Amino acid sequence: MSHTHDPVWRTALSGAQILFVAFGATVLVPLLTGLNPSLALLGAGVGTLIFQLCTKRQVPIYLGSSFAFIAPVIYSVQTWGMNATLGALAAASFFYYVAAALVKWRGVGLIHKLLPPVVIGPVVMVIGLGLAQVAVSMATGKAGDAQVVPYGTAIAVAAISLLATMLTAIRARGLLKLVPILVGVAVGYTVSLFVGIVDFSKVTAAAWIAVPEFGTPEFNLAAILFMIPVAIAPIVEHVGGILAIGSVAGKDFTESPGLHRTLFGDGLAVNVVGLFGGPPVTTYGEVTGAVMLTKNYNPVVMTWAAGFAILMAFVGKFGALLQTIPMPVMGGIMVLLFGSIAGIGLKTLLDAKVNLTSARNLCIVSVTLVTGIGGLGVTIGTFSLQGISLCGVLAVLLNLLLPAEPAEANGAH
């Protein structure tokens with residue numbers, strides 16, 4: 001089924017549809033972390049184009065804001081400020097380059113050896129659950145200690161948004177099924193308008209056409225060391241994403257253009273986007289779902305989607321409108337979102353049939369979960385590792401250092 005001869009308008013329309021599917025998640029990340037939603041759109045667009053350049057435009061995949069970085073960004077902004085966080089996000093690409101080099105040198109096997117499911121599973125669970133408190137605060141209308149939206153109103157709006165998102169994800173058909181976040185935001189926003197918790201002053205003040213305000217990254221070693229390990233999860237997600245789109249399109253993209261190229265492209269995108277102040281980008285599963293539904297495997301569609309995202313970034317009123325989405329709406333959807341990230345971690349363990357009666361595996365999972373969710377930090381001089389990054393490093397080390405169990409050593413491998 002080739003789409004190379006489709007008329008331009010149809011390819012463009014497919015591109016718009018892809019952006020529609022990726023849109024909710026792409027702008028959700030900056031809205032939760034205080035980054036600029038217009039820059040997130042610009043970043044997704046530019047990031048996708050950079051990725052296409054590095055992979056000779058062979059893979060029908062779209063890059064959007066990565067959820068894995070939400071918790072670390074919120075923590076980092078509180079600790080080191082926004083500019084240091086942007087520098088750290090740009091530096092997070094370092095691991096992508098390392099992974100790309102390792103794949104080029106030793107093949108995918110080495111990555112699987114360093115990051116088996118027993119390591120990835122709990123780390124991804126921590127990425128989801130480490131933020132449970134943030135989701136609950138937003139759903140109940142709290143910002144810090146201040147009650148911004150009355151408690152009762154907030155809970156009701158959050159519950160309605162959450163319900164709409166869940167029902168869409170479960171019952172909807174076709175394209176709607178891929179945009180539960182958009183549906184949840186739309187329903188929650190409508191309810192918010194009725195109860196009067198939407199403030200339009202920003203939209204009125206904004207210009208129609210405006211260049212988004214770019215960030216100014218600063219490089220702070222502590223923030224960078226905190227952020228770099230967070231990239232482990234999106235890299236694993238990336239490998240999974242490339243395999244998934246490959247099985248959908250019926251091609252092995254790890255062979256051509258090659259996993260080292262896709263990793264490098266994703267890393268370079270994270271690098272560039274971080275430097276101008278957007279959230280890190282990652283391969284989008286929703287988009288792979290859309291490709292599966294529409295059976296349109298033409299990578300040019302993603303070029304159009306990227307182009308539309310870049311155009312939208314320059315509509316000032318639109319960026320301002322996104323920032324009027326009330327906190328409880330986001331909070332309700334985050335409850336589902338962060339839980340589902342944790343669910344993906346759990347699925348990693350289940351799919352690989354990781355044996356949790358094995359003392360060794362249980363040790364790795366337990367230590368990772370508790371240190372990560374508990375937010376354990378280790379500081380040596382100016383060097384500090386916190387939460388996700390510390391538990392990620394611990395999980396990798398424990399897996400490499402803990403001895404095999406006697407029963408396993410007897411040729412169970």
Side-chain angles (χ1 to χ4, degrees), residues 22 25-51 54 62-100 123-124 126-128 130-131 134 212-238 263-284 309-310 313 319 341 383-390 392-393:
T26 298
V27 297
L28 191 65
V29 176
L31 292 173
L32 299 181
T33 51
L35 293 161
N36 182 336
S38 298
L39 287 180
L41 282 166
L42 186 62
V46 172
T48 301
L49 294 179
I50 290 173
F51 178 81
C54 295
Y62 175 89
L63 303 186
S65 317
S66 165
F67 287 156
F69 286 91
I70 297 175
V73 167
I74 291 175
Y75 177 84
S76 176
V77 171
Q78 285 167 353
T79 315
W80 298 286
M82 183 56 86
N83 293 349
T85 302
L86 292 177
L89 289 174
S93 58
F94 169 75
F95 246 162
Y96 281 95
Y97 300 144
V98 173
V123 171
V124 173
V126 168
I127 287 174
L131 264 195
V134 177
E213 216 172 297
F214 290 103
T216 43
E218 284 166 15
F219 296 98
N220 170 331
L221 191 62
I224 288 172
L225 289 172
F226 166 76
M227 203 63 80
I228 283 182
V230 179
I232 290 178
I235 285 173
V236 172
E237 187 184 20
H238 172 98
L263 277 166
F264 178 76
D266 200 343
L268 189 60
V270 168
N271 210 167
V272 173
V273 173
L275 287 176
F276 65 66
V281 288
T282 188
T283 50
Y284 259 21
I310 292 170
I341 295 176
F383 172 81
S384 92
L385 277 178
Q386 236 85 32
I388 294 173
S389 30
L390 180 67
V393 172

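Worth saying up front: this structure is predicted, and the values here are computed from it rather than measured. Along the sequence shown, residues carry numbers from 1. The figures here come from the full heavy-atom set of this structure, side chains too, leaving out hydrogens, waters and symmetry mates.
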Check: According to the interplanar angle, ranging from 0 to 90°, do the rings of F276 and F214 count as parallel (below 30°), tilted (30 to 60°) or perpendicular (above 60°)?
Finding: perpendicular

Note to self: Counting C-beta onward and ignoring hydrogens, is there a side-chain heavy-atom pair between L41 and I310 closer than 4.5 Å?
What the structure shows: no

Notebook entry, point to check: Which of parallel (below 30°), tilted (30 to 60°) and perpendicular (above 60°) describes W80 and Y75?
Noted result: perpendicular

Margin query: In terms of relative ring orientation, are F51 and H238 parallel, tilted or perpendicular, with 30° and 60° separating the classes?
Written below: perpendicular

Check: Which heavy atom in A91 sits nearest to a heavy atom in I224, and how many Å separate them?
Finding: CB-CG2, 3.7 Å

Notebook entry, point to check: Judged by atom type as modelled, is there a donor-acceptor pair below 3.5 Å linking the side chain of N271 to the main-chain atoms of A90?
Noted result: yes

Check: Within a radius of less than 6.0 Å around CZ of F94, do more than 12 heavy atoms belonging to other residues, nucleotides or ligands occur?
Finding: no

Notebook entry, point to check: Are the side chains of L35 and F69 in touch, meaning some heavy atoms are under 4.5 Å apart?
Noted result: no

Check: Do side-chain atoms of S93 reach the backbone of L268 as a donor and acceptor pair under 3.5 angstrom?
Finding: no

Next item on the list: Answer yes or no: is there a side-chain heavy-atom contact under 4.5 Å between T26 and S65?
Entry: yes

Notebook entry, point to check: Quick one: are L86 and T216 in side-chain contact, heavy atoms under 4.5 Å?
Noted result: no

Checklist line | Contact summary for A223 and A88, nearest pair of heavy atoms | finding: O-CB, 3.5 Å

Notebook entry, point to check: So do F67 and P279 actually touch side chain to side chain, heavy atoms under 4.5 Å?
Noted result: no

Notebook entry, point to check: If every non-hydrogen atom of L63 is compared with every non-hydrogen atom of T48, which pair is closest and at what distance?
Noted result: N-OG1, 3.1 Å

Note to self: I need the I70 CD1 to L31 CG distance, nearest 0.5 Å.
What the structure shows: 10.5 Å

Next item on the list: Report the residue from V77, I74, V134 that forms a side chain to side chain contact (heavy atoms under 4.5 Å, CB included) with T33.
Entry: I74

Notebook entry, point to check: Which atoms form the tightest heavy-atom contact between L39 and G215, and what is the distance?
Noted result: CD1-N, 4.1 Å

Check: With distance as the sole criterion, is a donor-acceptor pair present between the side chains of T282 and S66 under 3.5 Å?
Finding: no

Checklist line | Considering all heavy atoms, the nearest L42-P212 contact | finding: CD2-CG, 4.5 Å

Item checked: Y62 to A309 - nearest heavy-atom pair and separation -> OH-CB, 3.9 Å

Margin query: Could you check whether any side-chain N or O of Y96 sits under 3.5 Å from a backbone N or O of G265, counting only pairs where one atom can act as donor and the other as acceptor?
Written below: no

Next item on the list: Taking the side chain as every heavy atom from C-beta outward, state whether V29 and V73 have any pair of such atoms under 4.5 Å apart.
Entry: no

